[in-house]
Amino acid sequence: MKFFELFYKYILGVVGIVFISCIPAFFTDGFQLNVNVYFQKVWGVIQSIFTPSDWYFHQFVGYELLEKPLFSYVFDNYLYSMTILFTALVIAIVLGMIFALSTFGLPHKMKRAIHTMLNGLEALPDILFIFILQMVVVWFFKTYDILLFEFAYIGERIYLSPILSLCILPTVLFYRVFLLLLEEEWKEDYVQLVRSKGFSKMHVLIWHCLRNIKVSLVIQSRPIVWVTLSSLLVIEYLHNFYGIVRLLFFDSRPFVIAMALILIFTPFYIIYSVLEWSFKVNQTEECSDSRVSMRGMKLISMESMRLANPGMHFFSAIKKISRFFVSLCKKPTFVMALLYLLGLTILSFMYSYIAEVPVNTIKIFQDEQGTYHAPPHPPGPGDGGLLLGSDTHGHPILSMLIVGAKYTILLTALIAFLRILIGYVLSIPYLFWLGNRSKRMITNMADGMQFLPLSLIAYILLVHVLIFNEDQRIVAESLRTSNIILEISILILFAIPVVLNTIGREADEILRKDFAQAAILLGGSKSRLFFRHITVHLFPKLVHLFGQQMIQTLQVLMHLGVFGILVGGGLRSAGAASQSLTYEWTGMFQALRMGIMTERYWLIVPVLFLYVLLIFSIQAVVKSIISIQQQKIGIYSDKEDAKIVGNEGERSPSRYRELNKDSFVFIERSFR
């Protein structure tokens, strides 16, 4: 029976992939949403799947378009890609576990420093790790005349460089997950019992804690796999080897897209189905302690009474928001992060409005010595004040950064906000109207979507829409707004199942808690229960998820920028990077390879610096809001909790467990 259930879910996943692969049919003749053409494509893909004679792909050899057998490519290049991918994941898991076990016993201050360092590493773009590794190899070869390993495919297959490049970020993420899970498990009562019997800390960690976190680890590994799959697209491109992802570069027909996505989806579906069946993930309820502190209950009750007061009006709400904002402004990190975000956005709008030509073009100029200079111009005074230099088209880097700031900040915030808002609104019918079967269908859909990298899906849907030739500038500029709306819609639509599953399951858990059940018994309506009680506890999780979605959106936009798919559209240039119509920051990462390999670091260092500061600012704002809201509902920060001591000066173990468990359990449930 279990086998048929898994097979049924797999078929649903394949059908969903077929529908996704045919979406480009809507854009073949502009933006005409011809439903009949779409379903004809769907039926054609289904027929081709069951017709082996249609299993071929197109590839240009010279100037001739040839048909090649699909499975001759798959058995060769697909296995090559999967070998690199799974080897990188295994290395990341092993190293993450070893690092966590080796640093678990460090003092609290050192562990906090490690967490801060891991946050910083997560903020760095994954493609930067690739080029740092390549530059280390080049430097070592120039210095010692020893080539550590090949890092570009030139006829012979390479393994070490792509595997090392791909495993760096997952190693950081798994290290962080192992460390957090072990810290959480170490607070359980059985650990103290085992330690009291004389067993060493390492013995307890390996033989007890590791075995007890396996279910949580399976859940936590899903987003890490998603990140790694998204990075595989860039790895294949930058290492210049042909894998399963680059098959779509040859042939972008719906049938080929569907086969490539099915081949990516299948092994991960099988692996996670086996793991969930073995560890009984679906039967295990990873719930946080339903008990809340008496002070937290009192705060919620008081808050509910205030909210339920009929005399509450608009000005009262404004007053509460003002008090909340004043509390946030007492945190220096929040103020600095907000000044960075708002300051750049306001400066970008003002500069674009005041400047006659926001981004001018400086092609060739003559300096005071009579020497002619062609782009990319290095930083210096130059003609037009090239303080940070120019790109390959002669556009000043400083002007591009200022103009593009509003698009980068506002669009990523808008995409993340709409994802959360739609997920929050849909969680109302999810919570009160849907049955268990419907909820399981949404969960299965969300699980399937996590095995399909959003970067790849967005590339498939946008590659023939957002790239224009240089002689199509007028057409591209006229379609800029519609292209931005289209890209925003795609990045929102394909994230809704995962976001809804996350928010809905978290709201479901809150509904089971004592205070929510008490409100139901007292006769509270569903709307009052949701908006007055559940939302108060759900708000910190929504803020945390908002920050996650902003960072995820930045990563997807950065991957698309590497391939010249720019926000609002881009103009393809022969032998140079595509020209952006909006100068959005992530589009500047397409010059990363040229900047590092030719030592023209001004092409990438300024945007990289601002990009990392943007990630840090998002994290700081999110952390500050969560901290204030958790204090409001009776959950204290570590610094405040440290002041709560008993008569003997020791922190209560149960209290400590309750205070530190909440934020991490949400991340765990987000990918269940």
Q: Less than 4.5 Å apart, any side-chain heavy atom of T333 and any of S624?
A: yes
Q: Find the distance between CG (L410) and CZ (F417) and round it off to the nearest 0.5 Å.
A: 13.0 Å
Q: Taking the side chain as every heavy atom from C-beta outward, state whether L545 and E506 have any pair of such atoms under 4.5 Å apart.
A: no
Q: Walk me through it: do L148 and L160 pass the test side chain to side chain contact (heavy atoms under 4.5 Å, CB included)?
A: CA-CA 10 Å; L148 296 176; L160 188 56; over 6 Å; no
Q: Please answer whether the main-chain N or O of I158 pairs with a side-chain N or O of Y80 as donor and acceptor at a distance below 3.5 Å.
A: yes
Q: Tell me the closest heavy-atom pair linking F268 and L85, and the distance in Å.
A: CZ-CD2, 3.4 Å
Q: What's the shortest heavy-atom distance between S165 and L133, and which atoms?
A: OG-CD2, 3.3 Å
Q: Measure the shortest side-chain to side-chain distance between F334 and V621 over non-hydrogen atoms and say whether it is less than 4.5 angstrom.
A: yes
Q: Tell me the closest heavy-atom pair linking A458 and L560, and the distance in Å.
A: CB-CD1, 3.9 Å
Q: Nearest 0.5 Å please: distance from the OG1 atom of T83 over to the CD1 atom of I163.
A: 8.0 Å
Q: Other residues, nucleotides and ligands only: do more than 12 of their heavy atoms fall within 6.0 Å of CE on M202?
A: yes
Q: Looking at every heavy atom in both S21 and I257, which two are closest together, and how far apart are they?
A: CB-CG2, 3.6 Å
Q: Rounded to the nearest 0.5 Å, what separates atom CD1 in I91 from atom CZ in F174?
A: 12.5 Å
Q: Tell me, yes or no, whether the heavy-atom count around K623 atom NZ, taken from other residues, nucleotides or ligands under 6.0 Å, exceeds 12.
A: no
Q: How long is the span from the NZ atom in K201 to the CZ atom in F104, to the nearest 0.5 Å?
A: 6.5 Å
Q: Main chain of V172, side chain of R176: is a donor-acceptor contact present, judged purely on distance under 3.5 Å?
A: no
Q: Would you mind reporting whether L486 and L462 have side-chain heavy atoms less than 4.5 Å apart?
A: yes
Q: Could you tell me whether the side chain of V567 reaches within less than 4.5 Å of the side chain of I484, counting heavy atoms only?
A: yes
Q: Would you find more than 12 non-hydrogen atoms of other residues, nucleotides or ligands less than 6.0 Å from M117 atom CE?
A: yes
Q: Let's go through I397 and M588 carefully: what are the C-alpha distance in whole Å and the side-chain angles of both, what is the deciding distance for side chain to side chain contact (heavy atoms under 4.5 Å, CB included) to 0.1 Å, and is it a yes or a no?
A: CA-CA 9 Å; I397 299 291; M588 298 174 68; 4.1 Å; yes
Q: Is T143 reaching over with its side chain to a backbone N or O of F140, donor-acceptor style, under 3.5 angstrom?
A: no
Q: Say whether, by atom type as modelled, one donor and one acceptor occur between the side chain of Y78 and the main chain of A260 under 3.5 angstrom.
A: no
Q: Take atom CZ of F609 as the centre, draw a 6.0 Å sphere, and report whether it contains more than 12 heavy atoms from other residues, nucleotides or ligands.
A: no
Q: Examine the side chains of S273 and Y10 and answer whether a donor and an acceptor come within less than 3.5 Å of each other.
A: no
Q: Does the side chain to side chain contact (heavy atoms under 4.5 Å, CB included) test come out yes or no for E487 and L557, once each step is laid out?
A: CA-CA 10 Å; E487 189 167 0; L557 293 176; 3.3 Å; yes
Q: For residues P162 and I84, report the shortest heavy-atom separation together with the two atoms involved.
A: CG-CD1, 3.8 Å
Q: Evaluate I114 against F99 for side chain to side chain contact (heavy atoms under 4.5 Å, CB included), listing each step before the verdict.
A: CA-CA 11 Å; I114 290 174; F99 291 157; over 6 Å; no
Q: One pair to check against side chain to side chain donor-acceptor pair (under 3.5 Å): Y159 and T87. What are the steps and the verdict?
A: CA-CA 10 Å; Y159 288 94; T87 304; over 6 Å; no
Q: Looking at every non-hydrogen atom in both residues, tell me the closest pair between G389 and W602 and how far apart they are.
A: CA-CD1, 4.0 Å
Q: Taking the inter-plane angle between the rings of F563 and Y459 on a 0 to 90° scale, is it parallel (under 30°), tilted (30 to 60°) or perpendicular (over 60°)?
A: tilted
Q: Please confirm whether Y611 and F589 have ring centers closer than 6.0 angstrom.
A: yes
Q: Is the backbone N or O of L491 less than 3.5 Å from a side-chain atom of R419, with the two atoms forming a donor-acceptor pair by type?
A: yes
Q: How far does CD1 of I420 sit from CD1 of I503, to the nearest 0.5 angstrom?
A: 5.0 Å
Q: Around atom OH of Y601, are there more than 12 heavy atoms from other residues, nucleotides or ligands closer than 6.0 Å?
A: yes
Q: A side-chain contact here means heavy atoms from C-beta on lying under 4.5 Å apart; do I490 and F494 qualify?
A: yes
Q: Using modelled atom types only, decide if a donor and an acceptor are shared between the side chain of S221 and the backbone of V218 within a distance under 3.5 Å.
A: yes
Q: Quiz question: by atom type and distance under 3.5 Å, do the side chains of E584 and T582 form a donor-acceptor pair?
A: no
Q: Side chains of S348 and Y407: donor-acceptor distance under 3.5 Å anywhere?
A: no
Q: Could you measure the distance from the OG1 atom of T171 to the CG atom of L118? Nearest 0.5 Å is fine.
A: 11.0 Å
Q: Check whether any side-chain heavy atom of L79 sits under 4.5 Å from a side-chain heavy atom of M82, and report yes or no.
A: no
Q: Under 3.5 Å, is there a donor-acceptor pair between the side chain of Q590 and the main chain of G587?
A: yes
Q: Would you check if L566 and I467 make a side-chain contact, meaning some heavy-atom pair closer than 4.5 Å?
A: no
